[in-house]
Every structure is written in structure tokens, then in C-alpha cells.
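The block underneath contains the structure these notes are about, expressed in C-alpha cells.
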Amino acid sequence: MPTTLRPPAGTAEEERGRHAVAALAAAVVGFFVITLDATIVNVALPTIRDELGGGMTGLQWVVDGYTLMFAALLLSAGALSDRIGARRAFGTGVAVFVAASAACGLAPGLGILVAARFVQGAGAAVVMPTTLALIREAYDDQARRARAVAVWASGGAAAAAAGPLVGGVLSELSWRLIFFINVPVVVALLLVARTRPSPHRRVPFDRAGQLAAVAGMGGLTYGVIEAGAEGFTAPRVIVALAVAVLGLTGFLAVEARSAHPMVPLEMSRDRTMVIAVTVGFTFMVGFYGMPFVLSLYFQQLRGLSPMATGMAFLPMMAFSALLTPASSRLVRRIGRRASITGGLLSMAAGTMILAVLRPTAPLWAVAALMVPVGLGGPLVMPPLTAHLLDNVPAHRAGVAGGILNTARQIGGALAVAVFGALLAGHAGFLHGLRTSLFVTVAVLLSTIVVTPLLRQRHDTT
């Protein structure tokens with residue numbers, strides 16, 4: 001009599017574990033490369049200007065072309081992840097990102113470079129929320145998911161740590177190499193192919209809302225950047241800011257009336273969502289805006305080479321990367337609220353000291369004082385992200401990730417726009433540098449008052 005062969009006990013669980021590891025690995029690689037691309041560019045800006053031309057405005061667009069599209073399309077990308085499945089969306093985003101990276105490296109002029117940066121940002125926007133969605137799908141247990149988020153965050157921290165130094169080294173050879181380094185990320189496609197198929201839902205695409213969001217964010221960023229060169233009374237600046245107001249107003253109106261909004265407005269009534277958005281925005285003002293201004297400070301005022309500038313950032317980024325893997329254990333001991341609040345305070349304290357420091361202070365002292373700012377990364381973002389994922393339904397994971405990271409990228413884009421305008425102002429570079437740092441301190445301190453409102457029920461998971 002024939003017998004039925006059954007798989008050994010535990011095989012299904014082992015297979016599930018392998019899929020989870022592949023999903024986490026793909027998520028880490030994706031997060032690593034899009035974070036690297038945001039940080040690696042800063043130290044290369046003077047070199048790019050020397051070869052391709054363009055003043056402060058051109059440099060701002062090299063940074064914000066990427067960040068703006070990243071922010072604007074994250075809203076739709078989160079919904080796209082839920083609609084077609086995180087796995088398929090991830091593969092599409094990686095393919096677009098790699099192609100645009102190659103175009104950046106081959107750009108013959110500043111205009112082509114900025115255009116390619118826009119496309120690169122679009123690819124990154126698709127990748128980012130899918131990384132969190134892949135983790136949410138792979139890990140049902142909260143404790144395991146929190147550890148997975150910490151590993152995911154370690155990828156971003158490692159990229160942030162490596163970005164300035166790698167950018168400085170590659171810029172000594174050719175600034176184009178900072179974009180070609182992204183091409184090998186196609187390995188992420190092999191990893192995601194080993195994961196389980198992602199669930200998906202039939203959700204109409206919110207075209208009107210997306211167009212309004214792009215108009216609003218684009219008009220605001222363009223207006224602030226151009227105001228630094230032309231002043232706020234320039235006609236094109238006034239028009240851009242008017243477009244921003246109309247776009248953002250239209251966005252709210254569309255989302256309120258849409259049967260299938262890409263950002264359900266009821267999520268704005270969720271306290272956890274509102275606090276996460278606020279903290280994410282503030283965090284990026286300091287963590288993204290400060291490297292932009294200090295990269296120019298080191299090279300324009302202190303005469304450092306790109307590689308030496310990268311070395312100056314190394315202590316800050318290295319401490320951040322080293323602490324990130326231990327962040328989940330630290331959070332279990334002190335709680336998420338304490339970790340987030342402490343991280344924001346550390347960033348504010350370090351930035352305040354840098355703001356009052358003499359411009360001729362020893363470089364080692366400047367590098368050391370940047371470390372408290374870097375510590376904000378592992379203390380703030382992993383617990384904030386884990387807290388958000390724990391408090392949203394699984395089918396909202398892509399949208400929630402998109403909203404959080406949109407807030408972060410808007411914070412970074414506006415920081416570069418505003419700080420660049422201050423650096424290019426009539427009062428001079430040094431005055432603009434100090435003002436930028438004081439603005440950062442004020443924003444960080446004003447956000448700390450909302451962190452005690454975070455729910456505590458998941459703080460010790």
C-alpha cells in the first residue's frame with residue numbers, strides 16, 4: 001500500500017524563516033542605498049560646481065531634486081505598495097533607481113544631472129515604504145518585528161556613516177563615481193525574489209491628489225530656493241509660493257472628497273500618526289540640513305578637501321551606526337518615549353554648541369561636537385518607526401510608512417532650501433551658517449513638547 005511522504009516537522013516554519021530573512025535583507029539593502037545617495041552627495045557639491053557650474057541655487061537643486069521627488073511621490077508609493085504588493089513595487093523602484101543613478105553619473109551638464117536626480121528620487125520613493133511593508137509582512141510577532149526594524153535602521157545608519165567618507169574618497173577621483181556606486185544594488189532584486197508573494201488590494205490611484213501634492217511641495221521648495229537668490233518679492237518666487245498654497249489646499253480638498261484617498265484624512269486624527277509625522281519632520285531638519293551646511297563650511301571656509309570633509313563627518317556617523325544595532329535593547333530598558341526625547345535633546349544640544357563655536361575652532365573639536373547630533377539617529381528613528389508600525393493595521397503599513405517618510409523628506413528638502421537661502425544671503429556665509437544652526441535648535445526643542453503624548457503601551461516590547 002503506497003504511503004504519503006510528509007515533509008519533516010518544522011520545514012514550513014523553516015521556509016517561512018528563510019522568506020523572512022530574505023525580505024529583511026532586501027529591505028536593508030534598499031534602505032541602505034537610498035540613504036547613501038542622500039548623504040554621499042553633500043561632500044561632492046563643490047566639485048560638481050567646479051565641473052558643471054552653477055551657484056548655490058544649482059547645488060541646492062542637486063540635493064533637493066532627489067529629496068523633493070522622494071517626498072512628493074512617497075504618498076502614492078505607499079498606496080502603490082498596498083495596491084500591487086510590496087514585493088513587486090520594490091522591484092520596480094529598484095530598477096528605476098539604478099537606471100537614474102547611471103544617468104546621473106553620465107550627465108554632461110547640471111540640468112541633466114538635476115533631471116536625473118528627480119527620476120532617482122522617484123525610484124527611491126517607491127522603494128522606501130516597501131521596505132517597511134516587507135518587514136511588516138514577514139514578522140507577525142511584535143518583538144521580532146522591533147528587532148527587524150532595528151536591523152533595517154542599522155542599514156540606514158551604516159549608509160549615513162559611510163556616505164560622507166565614501167563620497168569624499170570617490171570625489172577625489174571623480175564625482176561621477178558617487179552615482180555609479182549605486183548600480184550594483186540590483187542584487188536586491190535577487191533577494192526580493194526569494195520572499196513570499198505580497199498581498200495586494202484593488203485601490204484606485206489618486207491622480208488628482210498626487211498632482212496637487214507635487215504642485216504644493218514643488219512650488220514651496222522652488223520658492224524658498226529661488227528666494228535665496230532673488231528675494232521673496234521676486235515675481236517668480238511669489239508665483240511659486242502661490243502655487244504651493246493652491247496645491248496644498250487642493251490636496252486637502254481632494255483627499256477629503258475622494259472615495260479612495262492616498263492619504264486617508266482619518267489618519268490625521270490618530271495621535272500616534274501625528275506625533276510620528278512631527279518628529280520625523282523635525283529629525284530630518286537637523287540630521288539632513290546640518291550636513292549640507294557643514295559640508296560647505298568645511299570646504300569653503302576651512303579649505304578642506306572632499307576626503308578630509310568626509311573624515312570630519314566620520315565620528316558623528318560612526319557613533320550613530322554603532323549605536324543603532326543596540327537601540328532595540330536600549331529602548332526596552334528606558335522606553336520609547338524616553339529614547340525619542342533623549343535623542344532630540346542630544347541633537348539640540350550638539351547643534352547649539354556648534355552654533356556658538358568660533359569659526360576657527362580646531363577641526364577635531366567641531367567633529368567631536370557633531371557626535372551628539374549623530375546620536376539622535378539611533379535614539380529617535382528606530383523606536384519611532386516601530387511604534388508607528390505597532391499602532392497601524394497591517395493593511396495600512398504601506399500608507400503609514402509613506403506618510404512618515406514623506407514628512408521626513410519634506411523636512412530634509414525644506415532644510416536644504418531654507419539653509420541654502422540663508423548661506424547665500426547678503427549677511428554672508430558665516431551669518432547664514434549660524435542662523436541655520438539656531439533655526440535647527442529651535443525646531444528640535446519645539447518638538448520635544450509633543451513626545452510625552454506618545455502612548456506607552458508598546459514602549460517596553
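This structure is a prediction, so every number in the text was calculated from the model and none was measured. Start at 1 with the first residue, then count along the sequence.
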Taking every heavy atom of Arg117 against every heavy atom of Asp37, the minimum-distance pair comes out as NH1-OD2, 2.7 Å

Tightest non-hydrogen contact, residues Leu241 and Gly223, listed as CD2-CA, 4.0 Å

Could you tell me whether the side chain of Thr447 and the main chain of Val443 form a donor-acceptor pair under 3.5 Å? yes

Carefully, step by step, assess Met316 and Phe287 under the rule side chain to side chain contact (heavy atoms under 4.5 Å, CB included).
-> CA-CA 11 Å; Met316 166 189 169; Phe287 206 76; 4.2 Å; yes

Minimal heavy-atom distance between Thr67 and Val63, with the atoms involved, is OG1-O, 3.1 Å

Q.
When you measure from the side chain of Gln120 to the backbone of Gly65, do you find a donor-acceptor pair of N or O atoms at a distance under 3.5 Å?
A. no

Discussion item. Please determine whether side-chain hydrogen bond (donor to acceptor under 3.5 Å, both in side chains) holds for the pair Ser101 and Asn182, giving the CA-CA distance in whole Å, both sets of side-chain angles, and the decisive distance to 0.1 Å.
Written reply: CA-CA 6 Å; Ser101 296; Asn182 296 328; 3.2 Å; yes

Val380 and Leu344 have their tightest heavy-atom pair at CG2-N, 3.8 Å

Ring centres of Phe70 and Tyr66 under 6.0 Å apart?
yes

In terms of heavy-atom contacts, Phe429 and Val293 come closest through CZ-O, 4.2 Å

- Measure up the Trp175 and Phe179 rings against each other and bin them: parallel (under 30°), tilted (30 to 60°), perpendicular (over 60°). perpendicular

Item to complete: Report the C-alpha distance between Val126 and Phe97 in whole Å, list the side-chain angles of each, state the deciding distance to 0.1 Å, and finish with yes or no for side chain to side chain contact (heavy atoms under 4.5 Å, CB included).
Response: CA-CA 9 Å; Val126 177; Phe97 181 86; over 6 Å; no

| field | Backbone N/O of Ala355 and side chain of Arg434: donor-acceptor pair under 3.5 Å | value | yes

When rounded to the nearest 0.5 Å, the distance separating CG of Leu68 from CH2 of Trp61 is 6.0 Å

Open item on the list: If we ignore hydrogens and angles and just use 3.5 Å, is the side chain of Gln299 paired with the main-chain N or O of Val43 as donor and acceptor?
Closed with: yes

Output for pair (Leu36 CG, Ile181 CD1), nearest 0.5 Å, gives 6.0 Å

*Criterion side chain to side chain contact (heavy atoms under 4.5 Å, CB included) on Val96 and Val119, from CA distance to verdict*: CA-CA 8 Å; Val96 171; Val119 178; 4.0 Å; yes

Has the side chain of Thr351 got a donor or acceptor atom that lies under 3.5 Å from a matching backbone atom of Val441? no

Review point. Going through the distances and angles, do Leu414 and Phe281 end up as a side chain to side chain contact (heavy atoms under 4.5 Å, CB included)?
Key: CA-CA 10 Å; Leu414 288 181; Phe281 177 95; 4.2 Å; yes

query = In this structure, are over 12 heavy atoms from other groups packed under 6.0 Å from Met311 atom CE?
reply = no

In this structure, CE of Met347 is separated from CG of Leu444 (nearest 0.5 Å) by 5.0 Å

Worksheet item: Within the side chain of Thr130, is there an N or O that forms a donor-acceptor pair under 3.5 Å with the backbone of Val127?
Response: yes

CE of Met381 to OG of Ser339, rounded to nearest 0.5 Å, is 11.5 Å

Taking every heavy atom of Arg49 against every heavy atom of Leu59, the minimum-distance pair comes out as NH1-CD1, 3.7 Å

Practice item. Check whether the ring centres of Phe298 and Phe313 lie less than 6.0 Å apart, and answer yes or no. Key: yes

Between the main-chain N or O of Ser174 and the side-chain N or O of Ser171, is there a donor-acceptor pair closer than 3.5 Å?
no

Counting heavy atoms not belonging to Tyr297, are there more than 12 under 6.0 Å from its OH? yes

| message | Is it the case that over 12 heavy atoms from other parts of the model lie below 6.0 angstrom from the CG atom of Leu430? | response | yes

When rounded to the nearest 0.5 Å, the distance separating OG1 of Thr47 from CD1 of Ile178 is 8.5 Å

